[in-house]
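From a predicted model like this one, the values you see are computed outputs, not experimental measurements. Read the numbers this way: they start at 1 and go in the same order the structure lists the ligands and their atoms. The first residue of the sequence shown is numbered 1, and numbering continues consecutively from there.
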Amino acid sequence: MTLYLSERCNSRCRTCDYWRHGRRDLSLAAVTRLLPSLHRLGTETVLLSGGEPLLNREWADIASLLAGEGLDTWLLTSGLSLAKHARRAGGLFRAITVSLDGADPETYAAIRGVDAFGPVCKGIRAAADTGARVTVRVTLQRANFRQMAALVDLARELGARQVSFLAVDVANPHAFARRDDFEADLALRPEELGQLEAVICALERERGEAFDSGFIAESPAKLRRILRYFCAVCGLDRYPPVRCNAPEFSAVVGAEGRVSPCFFIAGPGDAWACDGLDRALNRADMAALRSDIRAGGRPECATCVCSMWRERA
Ligand code: SF4
Ligand code: SF4
């Protein structure tokens with residue numbers, strides 16, 4: 001289960017509108033009310049995300065409550081205030097994933113909109129020093145794809161256990177709470193596609209061990225899906241085929257309490273977690289939405305950068 005602890009954010013990513021319009025936080029009281037349905041649903045892992053979850057004043061109490069219930073807790077953070085909270089976060093989360101989109105201060109600031117490369121690196125190191133499993137997430141785009149090797153090295157230097165790469169989402173105009181006209185100049189241009197292929201080949205040649213050990217989460221073949229995605233954005237190929245059953249084993253609760261089948265597809269407007277998460281997920285219209293997704297009827301899936309497939313246990 002993903003819970004958005006806050007719609008607010010201390011980053012200013014060009015890809016995102018949360019930081020412009022976000023106001024709400026999910027309260028400790030609301031999460032407490034979710035507990036019976038989390039248990040009824042057999043929830044194993046709760047990902048605390050947002051917005052920036054560490055901006056929620058009650059984040060530690062919420063994490064502590066969930067961990068005390070035997071739930072596996074996972075934090076997804078911009079990392080801006082992680083250095084300050086590292087000790088507490090390290091003790092409360094089984095895993096901490098930090099977004100790090102540049103290997104130097106200039107690239108980081110150009111993408112994230114804040115001059116915070118140093119503090120984020122410090123936060124990653126501080127959290128890793130507590131013994132927590134810290135991983136780094138890189139959103140690949142025009143401004144940083146040439147830094148893939150440097151980002152792998154930096155993640156290692158900072159004590160992260162893994163680095164993963166994801167293509168910047170430019171195909172879904174409504175992801176990341178986007179309201180205004182979305183400026184899509186973040187994707188690679190046609191003349192840069194060959195350079196990305198060369199970067200991936202060099203990574204395979206020069207950082208083979210990082211693939212073999214799983215330090216780079218994706219296989220070279222999976223990284224080439226990112227290349228194919230950008231080829232499709234340029235109109236030079238079809239989007240890579242998507243296989244995803246995320247809504248069959250997970251769901252998202254927004255800071256306002258609305259339940260959705262995944263990050264990119266909104267649930268019915270009146271599906272509220274406060275009415276019972278299991279009830280919201282088992283409503284006929286939510287089941288119909290999942291069935292539509294399963295049948296390949298949703299356009300968001302065709303261009304999704306974050307599909308997930310899990311075999312049934
Ligand atoms: S993409 Fe994430 S970190 Fe960046 S502004 Fe949006 S919510 Fe914050
Ligand atoms: S492919 Fe993407 S948009 Fe479709 S259900 Fe999966 S996560 Fe959601």
Side-chain angles (χ1 to χ4, degrees), residues 2-25 47-56 75-82 96-102 108-114 116-117 119-120 123 136-141 143-144 166-180 182-183 186 225 229 239-252 254-255 259-267 281 286-310:
T2 297
L3 304 183
Y4 290 174
L5 286 206
S6 181
E7 288 176 340
R8 299 175 294 130
C9 195
N10 44 15
S11 279
R12 301 280 181 268
C13 298
R14 290 171 63 202
T15 44
C16 178
D17 269 354
Y18 274 119
W19 60 271
R20 285 182 233 270
H21 310 296
R23 297 283 177 276
R24 289 167 291 204
D25 286 359
L47 171 67
L48 300 187
S49 178
E52 171 49 45
L54 296 179
L55 289 182
N56 183 318
L75 172 69
L76 180 56
T77 174
S78 68
L80 264 75
S81 60
L82 188 56
I96 299 175
T97 299
V98 185
S99 299
L100 183 64
D101 291 342
Y108 182 94
I111 293 174
R112 309 287 293 188
V114 287
F117 176 74
V120 172
V136 164
R137 160 69 60 86
V138 180
T139 304
L140 274 190
Q141 48 202 288
N144 67 4
L166 191 75
V168 67
D169 178 282
V170 289
N172 182 335
H174 304 300
F176 299 96
R178 290 166 189 152
R179 285 192 201 169
D180 307 325
F182 172 56
E183 188 239 308
L186 303 163
R225 274 181 65 91
Y229 169 85
Y239 282 93
V242 166
R243 193 177 184 220
C244 180
N245 62 357
E248 307 294 327
F249 62 81
S250 63
V252 174
V259 184
S260 295
C262 76
F263 174 74
F264 299 95
I265 299 177
L281 285 169
M286 188 73 88
L289 181 52
R290 280 197 299 273
S291 155
D292 197 18
I293 293 169
R294 258 196 316 275
R298 294 296 302 210
E300 297 91 337
C301 297
T303 60
C304 185
V305 295
C306 197
S307 56
M308 279 188 287
W309 180 265
R310 210 176 268 181

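Counting protein heavy atoms only, atom 2 (Fe) of ligand 2 is closest to Cys304 SG, 2.3 Å. The protein heavy-atom contact nearest to atom 8 (Fe) of ligand 2 is Cys262 SG, 2.3 Å.
Close approach of ligand 2 to Val242 is summarised as follows: ligand atoms under 4.0 Å from at least one heavy atom of the residue are 1 (S). Under a 4.0 Å criterion applied to the non-hydrogen atoms of Cys244, ligand 2 contributes the atoms 1 (S), 5 (S), 6 (Fe), 7 (S). Listed by atom number, the atoms of ligand 1 under 4.0 Å from Gly51 heavy atoms are 7 (S). Near Ile293, with a cut-off below 4.0 Å to any heavy atom, the atoms of ligand 2 are 5 (S). If you number the atoms of ligand 2 from 1 as listed, the ones under 4.0 Å from a heavy atom of Pro247 come out as 5 (S). Set against the non-hydrogen atoms of Trp19, the atoms of ligand 1 under 4.0 Å away are 5 (S). If you number the atoms of ligand 1 from 1 as listed, the ones under 4.0 Å from a heavy atom of Cys9 come out as 3 (S), 5 (S), 7 (S), 8 (Fe).
Under the 4.5 Å side-chain criterion, counting only non-hydrogen atoms from C-beta, Leu76 is not in contact with Thr2. The shortest distance between side-chain heavy atoms of Val242 and Arg225 falls below 4.5 Å. Residues Tyr108 and Asn144 are not in side-chain contact: their nearest non-hydrogen atoms beyond the backbone lie 4.5 Å or more apart. A 4.5 Å side-chain heavy-atom check between Thr139 and Ser99 finds every atom pair outside the cut-off.
Every heavy atom of Ser99 sits 4.0 Å or more from the atoms of ligand 1.
Looking at Asp101, its side chain never comes within 3.5 Å of a backbone N or O of Ile111 through a donor-acceptor pair. Checking side-chain atoms of Arg8 against main-chain N and O of Leu55 turns up a donor-acceptor pair under 3.5 Å. Between the side chain of Arg298 and the main chain of Ala295, no donor-acceptor pair closer than 3.5 Å is present.
Neither the backbone nor the side chain of Glu52 has any atom closer than 4.0 Å to an atom of ligand 1 (non-hydrogen atoms only). Neither the backbone nor the side chain of Pro261 has a heavy atom within less than 4.0 Å of ligand 2.
Among the atoms of Cys301, no N, O or S atom is found under 2.8 Å from atom 2 (Fe) of ligand 2.
When each of Val305, Leu186, Leu140 is tested with Val168 by the rule side chain to side chain contact (heavy atoms under 4.5 Å, CB included), just one qualifies, namely Leu186.
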Take Glu248 and Arg310, measure what salt bridge (charged side-chain N to carboxylate O under 4.0 Å, His left out) needs, and give me the verdict at the end.
CA-CA 9 Å; Glu248 307 294 327; Arg310 210 176 268 181; over 6 Å; no
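Within the set Gly79, Cys16, Cys13, the minimum heavy-atom distance to atom 4 (Fe) of ligand 1 is found for Cys13.
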